[in-house]
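Heads up, the thing below is written out as structure tokens.
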Amino acid sequence: MLHNSPLSHEFQSGLSDTEEARAKESAGYLARRDLFASGVESERIEHKSHRTVMRESAERISLSKRVSGDPSPSTHNSLLLLWLEIKYTFLFITNEEYHKHLNEDSLMHTPEFVIKPRSHTVWEKQCVRLHCTISGCPEPRVVWYKNNVSIDPMATPEKYKVESSYSVHSLEINKCDFDDTAQYRVSAMNSKGETSAFASVVVKRFKGEIDEFLPSPRLRKYFTPCLEYGVTFETHLVEKFGVSFGREGETLSFGCSVIIYPSLQRFQPEIEWYRDDKLLVPSKWVQMHWSGDRATLTLSHLNKEDEGLYTLRVITKSGFETHSAYVFVRDADAEVAGAPGAPLDVHSLDANKDYVIVTWKQPAVDGGSPILGYFVDRCEVGMTHWAQCNDTPVKFARFPVTGLVEGRSYVFRVRAVNKAGMSHSSRVSEPVAAMDPADRTRKGPFAPWTGQIIVTEEEPVEGVVPGRPCDLSVIEATKNYVVLSWKPPGEKGHEGVMYYVEKCVSGTDSWQRVNTEIPVKSPRFALFDLAEGKSYRFRVRCCNSAGVGEPSEPTEATTVGDKLDIPSAPGRVVPTRNTDTSVVVSWEASRDAKELVGYYIESSITGSNTWEPCNNKPVKGTRFICHGLTTDESYVFRVRAVNAAGISEFSQESEAIKVKAAIGKASQREPEPACGQETTKQVANSSTELLKPNCIQKESATELPDSRKSSVNSSLEQEKAGERERGRRGSGEKRERKCSVMPASPTPPYGITVLECVRDSMVLAWKQPTFIGGADITGYFVDYREVIGGVPGKWHEANIKSVSERAYRVSELKENMLYQFQVRAANMAGVGIPSLPSETFKCEEWTIAVPGPPHDLQVQEVRKDSLVLLWKPPVYQGRDPVNGYYIDIKEAEADFEMWRGVNEKATDKTFMKDLKMGESYVFRVRAQNKAGVGKASDSTEPVEAVTKPGTAEIVVNVDDDGVISLNFECSNLTADSKFVWSKNYVEMTEPERMTLETKGSKSKAIFKTPSEEDLGIYSCFVTHTDGASASYTLSEESEFIDLFHFCIHDHKFPIIPLKTELAVELLEKGRVRFWLQAEKISANGKVEYVFNDNVVHQGEKYKMNFDKNTGIIEMFMESLGKEDEGTFTFQLQDGKATTVSVSLFVILVLLLLFCASVFLFLQVFIFLSTLFSLPISKKDAGIYEVVLKDDRGKDTSTLNLTDQGFKDLMNQVFSVIANSSTPLKIQSTEEGIRLYTFVSYYNDELHCTGNRLILVFFIDRARVAGGLPDVVTIQEGKCLNLTCNIWGEPVPEVTWLKNEREMVSNDHYILKFESGKFASFTITSINTSDSGKYSILVKNKYGTESGDFTVSVFIPDEEPGKKK
């Protein structure tokens, strides 16, 4: 009975052998998956305790059996029952634990943010706290990051404090400074996943705002922030480095001397170096040195990667100063003649366990023959042996390297090869480790997996065959290789997986394993030796110790070949003059270029057909400054585009350009001369176009026909660091700053008129755009269209090549047809939008006898009662030549009928006078010939008759050497301003009789050999200013002509120059000394001493001395009597040169000397009284007498210090103090405008002290009183309304801006300003496009202020229950 009970119990329980196996499998699965659960240790201990109980029970039964020695059936049955009881008890407990954990899994989820951290804007020295609420199971680990760098509160406990309590986590930042302005990220992670949220902190100064376009400087260990806000540091960079050239393998050093005032030892500046706007850090290739007054950068073993724009930034607490210059690196000499240059910029991408992609850039120099391909070499870090990775050269500048050993680090290099030989190796790449990217991320300080997996012999793990890989795709295909990428399967068992790759020719079902010997470990694989042009499909299988899984879904058919095309050749190349050794080259970008790396530019001397690279590192823009050219040589240029597939064909050669400095251009700033340095230039060519020196944002050019796309739309890599970063962040003083931004395309021209018309062509003229975009206009493009029956047709291009003049003949028109025209202006930034269509003009030949209208009217030299009007003659002359002009004038606001003539007879004069100060005028000009007066020109823009502050006139000067010059000074120069000199209002392009010299804000025109040929009107115009100009008329009637005659006389009759004139000194005992000193005199020099026309000689009364080495001539007279009154003369002769120096009436001179000595004594007395603060008061008033006597007699002198004399004395005392005052300074404060100066005086202890005199003007400047938040977060579809208070008298003007662009009130943006005090801002039905930075700008005549806030629009979550 007992024997059958276990069997019956087994059937009753429903457990069969199959189910028993399933139970075991369930227990095994539970054991395996629990290896990754949080309770693995407790379960292991619990499972071991059950096994211990079973073993102890079995041992007791076995022991009792051995003791009794009687294996009776009852004992056997008891043992069997006990074994089954223990077995089923274990299975029951195991299944119970299994279901328990299944229930726990249903509760686990990834971390979620219940409340996300909020962005803050705080003042300097304030504290800020970021906090959030996070849910997740298991409880997530929370880490805070600043700009993606983890924050360690233990390292800086005084700065950061991190707290976590009941799912609420916070980060507190103590005493915020500018370096705390950053993006902060909080990351929460658990075994189910990871999520992050972001918040920004902006720290503002109390005194002076930070330029938000400039990056915040970082503090170094040696840089201590200055806490004394009264100190303002002035930084000056001198001995600046310029454009440098080096060769591969050389060492190059350059730097700047830094002058900081005041010089405080404990406040050292921060020195930063940048290459192409990327901060440099010290390495074996880059060394930085700061000596205390000079910053130096050393580039060891130059490579082409070192080429670029280098910027030095010197940072103090008052701001920073920068200087930039380009460094060019040429290729080293090839080991084999004709071999190409070395590749550059070798990098490693997409590194995995046994696979990495190596990329590089092609060299600019191919050695004269095409590059056949590249070889990639690898070397294990710490080893010296290099192994070649590819047997045949690859042309694609990207190569997958396989067969790496997991866990080891490698470096790579690349070599180029052509038919002549192999190039030098590139610079070695940075080391990269062959490992799983997931393992690489887990090596951080906060990895989610920290436990160890332990497998004991008692608990063997049963293998699971992995599932199918997913998301298999071809990520790259060339004619040399194909790269596959996929994701690991979801079911891969406990152990890792490897992969087999299979291929199949399209159209068949014959799959062939590619890697038959060794499976790959990475989810990337490169297939080589595929037939070019054939189509293949691919699939992948996973494998582990349990077996090989099912294959993935196959890819689509992939044809072997280069998928990335070589870019097309760039478009039209336009060179522009820049300096005496450089040219600005711009070009049209390659069309439809994919993955463009950049461009290479080459230059050639015209006619030589020898091309040299201008850059050895690709530039990404469409504009580049080519340096190192030969002055006055003509060059042509061409450009090639580069991407990973190869280098394009050359563009068409540019037009030849002569290397010569440009004058009056704004496209390139030349460095200012160093302190005291003077630049001398011959006049080249210039432009008299006016620029508005205002700061603008870059505009994008409108779409143009393909033949004239914008020639320049680049980022100006070579100028932007040196000009964009001119920080002047002061500590209370509002400073004037130069604004340097990227040029924009010009606004449209206007005022299109017809100057001449024949049967098939018309000559058009137009006016210059009102704003030229911050750079000189390089040309214009004209379009035309027919108008038939009042319906305009399609626009056609009139000129493919731009025209520089504002007049152009449109040819190939149809006679008697109606046409409309439009014009576009172009500059270095691109081609602007077109003008409005002109009036409709009929193309018919003019037969009128009178001339056509003059054109291109310009106004210069505007003064309060006069100006100069210039124009160009009419294109259509009529039947006879033009013999004069009539000028008409009227007030700008007057009616058309108010036009009146200025001259009664035809004239060529351009000078307008008798204007009314402050009145605005417009002018027009009519031409006359024998037949009569023609049509009037278009009128000028209104011109106000006023002399602007700082206006200067041309001054004539003759220096000590007799050199005559015309001098002009301009006080409102911009960085791009140039002086343009003209004679008779015709620009002097190649003057033979003059030389120009420019130093800072002064320019002079120097006459080489003055003569009557130089008579005329000389004018100077300063470009990029508000019309600064002046003129000087040199005629036979002018007094200046006498200077010419004087200079001519000096050439015919030279004189001996003197250092000092003839002087008289009274010596002891009545002796008198007559002396002078000549500049230079030869050994043949002679001198005669004459008294009252009689020559005197050496004797008892006269002693003569003539030192020809020093040029000193002396005559001593032993005694002075009444008979010696008269004229003494020294007559010098040295060849043709002579000099006569005269001293008249010796007795009078001696008397003056005596009086001067008495006056000097009184001056000393006054000075000492002031210096030593003697108690001078009214009681000291009186008459003072000085007696001077010796054995020969006496003399007296008196000083009257009564009444007026005493006042004069006190004025002398006060003038000493007044002369010590510093220049007047202006400071803007909350109370008003403060004017102050510093003066010095001496106290009773003879210590120099100082004080500040202050004068404050209380004014009602425009202010934003408050009401605006820093950040507004609002849900999409809502309505936003903000109101702020405005203050100021007179009532300020209010302007609203969005992302720095002015806003206009409409149905969506409602802008109001009510009662002169309340400004409101409303956005109706807000959407995500409304996110951005908004500003309010208030302005009146006393000042300007702005308020900023940020609007962030978010999309609400979906309805609950929907799967996200």
Is the distance from the ring center of Tyr599 to that of Trp587 below 6.0 Å?
yes
Nearest-0.5 Å distance that lies between atom CD in Glu612 and atom OG in Ser603
7.0 Å
Taking the side chain as every heavy atom from C-beta outward, state whether Val659 and Asp580 have any atom pair closer than 4.5 Å.
no
Side chain of Glu305, backbone of Asp345: donor and acceptor closer than 3.5 Å?
yes
Under 6.0 Å between the ring centres of Phe979 and Phe1021?
no
Enumerate the salt bridge (Lys or Arg N to Asp or Glu O under 4.0 Å) contacts for residues 643-656, please, sequence neighbours excluded, ordered by first and then second residue.
Glu655-Lys801
Any side-chain heavy atom of Thr298 sitting closer than 4.5 Å to one from Thr251?
yes
Please name the pair of heavy atoms, one in Lys395 and one in Tyr374, separated by the smallest distance, quoted to 0.1 Å.
O-CE1, 3.9 Å
Are any side-chain N or O atoms of Asn643 and backbone N or O atoms of Lys594, one a donor and one an acceptor, separated by less than 3.5 Å?
yes
Between Ser300 and Gln287, a side-chain donor and acceptor under 3.5 Å
yes
Using the ring of each side chain (for Trp, its six-membered ring), is Phe241 parallel, tilted or perpendicular to Phe254, with breaks at 30° and 60°?
tilted
Is there a side-chain contact between Val286 and Val281 in this structure, where contact means two heavy atoms from C-beta onward sitting under 4.5 Å apart?
no
Testing the basics here: between Tyr780 and Ser804, what is the closest heavy-atom pair and its distance to 0.1 Å?
CE1-O, 4.0 Å
Presence of salt bridge, Lys617 and Asp276, under 4.0 angstrom:
yes
Using only atom types and a distance under 3.5 Å, with no angle test, would you say the side chain of Ser651 pairs donor to acceptor with the backbone of Val639?
yes
Mind checking whether Phe1007 and Tyr1018 have ring centres under 6.0 Å apart?
yes
Could you measure the distance from the CD1 atom of Ile625 to the OG1 atom of Thr579? Nearest 0.5 Å is fine.
8.5 Å
Please check this pair: side chain of Thr606 against backbone of Ser634, looking for a donor-acceptor N/O pair closer than 3.5 Å.
yes
Does Leu297 reach the side chain of Leu312, with side-chain heavy atoms less than 4.5 Å apart?
no
Spell out, as yes or no, whether a donor-acceptor pair under 3.5 Å connects the side chain of Asn615 to the backbone of Ile601.
yes
Could you tell me whether a side-chain N or O of Asn799 sits under 3.5 Å from a main-chain N or O of Val782, the two making a donor and an acceptor?
yes
List the steps and the verdict of side-chain contact (heavy atoms from CB on, under 4.5 Å) for Leu629 and Val583.
CA-CA 8 Å; Leu629 307 178; Val583 167; 3.7 Å; yes
Taking atom CG of Leu302 and atom CZ of Arg247, what is their separation to the nearest 0.5 Å?
11.0 Å
Expected output: side-chain Ser586 to main-chain Val574 donor-acceptor under 3.5 Å:
yes
For Ser568, does its backbone N or O pair with a side-chain atom of Ser590 as donor and acceptor, under 3.5 Å?
yes
Point-to-point distance, once rounded to the nearest 0.5 Å, from CG of Asn616 to CG of Leu344:
8.5 Å
Which is it for Met288 and Leu280 under the side-chain contact (heavy atoms from CB on, under 4.5 Å) test, yes or no, and what are the steps along the way?
CA-CA 9 Å; Met288 306 171 189; Leu280 296 177; 3.5 Å; yes
Any donor and acceptor pair, going by atom type alone, linking the side chain of Ser965 with main-chain N or O of Asn967 inside 3.5 Å?
no
Before accepting this row, confirm whether a basic side-chain N of the pair Asp331/Lys304 lies closer than 4.0 Å to the acidic partner's carboxylate O.
yes
Quick test of your reading of the model: are Glu805 and Lys872 salt-bridged, counting only N-O distances below 4.0 Å?
yes
Would you verify whether the NZ or CZ of Arg638 falls within 45 degrees of the ring axis of Phe650 while also being under 6.0 Å from that six-membered ring's centre?
yes
Residue pair Glu307 / Tyr326, side-chain heavy-atom distance below 4.5 Å:
yes
So does Glu321 get a backbone contact from the side chain of Thr235, meaning a donor-acceptor N/O pair under 3.5 Å?
no
Enclosure of Lys1002 NZ (heavy-atom neighbours >12, cutoff 6.0 Å)
no
Sequence neighbours left out, what passes side chain to side chain donor-acceptor pair (under 3.5 Å) with Thr631? Give chain and number order.
none
Within-4.5 Å side-chain heavy-atom neighbours: Leu237 and Val258
yes
Is the closest side-chain donor-acceptor distance between Thr311 and Ser324 under 3.5 Å?
yes
side-chain contact (heavy atoms from CB on, under 4.5 Å) between Glu272 and Leu279, intermediate numbers included:
CA-CA 7 Å; Glu272 291 180 344; Leu279 181 65; 4.0 Å; yes
Which atom of Thr1025 lies closest to which atom of Val1022, heavy atoms considered:
OG1-O, 2.8 Å
Taking all non-hydrogen atoms of both residues, which atom of Tyr635 and which atom of Thr630 are closest, and how far apart?
OH-N, 3.1 Å
No-hydrogen, no-angle side-chain donor-acceptor test under 3.5 Å, Tyr600 and Arg640:
no
NZ of Lys1004 to CG of Leu966, rounded to nearest 0.5 Å, is 10.5 Å
Walk me through whether Phe637 and Ser604 qualify under side-chain contact (heavy atoms from CB on, under 4.5 Å).
CA-CA 6 Å; Phe637 300 87; Ser604 174; over 6 Å; no
Compute whether any side-chain donor of one residue and acceptor of the other, for Ser369 and Asn418, lie under 3.5 angstrom apart.
yes
Return yes when atom CG of Asn609 has more than 12 non-hydrogen atoms of other residues, nucleotides or ligands closer than 6.0 Å, and no otherwise.
no
Between Asp306 and Arg275, does any side-chain N to carboxylate O distance fall below 4.0 Å?
yes
CZ of Arg824 to CD of Glu797, rounded to nearest 0.5 Å, is 9.0 Å
Can you list everything that forms a side chain to side chain donor-acceptor pair (under 3.5 Å) with Ser257? Sequence neighbours excluded, please.
Glu239, Arg294
With the side chain counted from C-beta on, respond yes when Val980 and Thr1023 share a heavy-atom pair under 4.5 Å apart, and no when they do not.
yes
Does the side chain of Trp360 come under 3.5 Å of the side chain of Ser429 through a donor N or O and an acceptor N or O?
no
Are the side chains of Pro746 and Phe771 in contact, using a 4.5 Å heavy-atom criterion?
no
Scanning both residues in full, the closest heavy-atom pair of Ser423 with Pro343 reads OG-CD, 3.9 Å
Residues Ala332 and Glu248: closest non-hydrogen pair is N-OE1, 3.2 Å
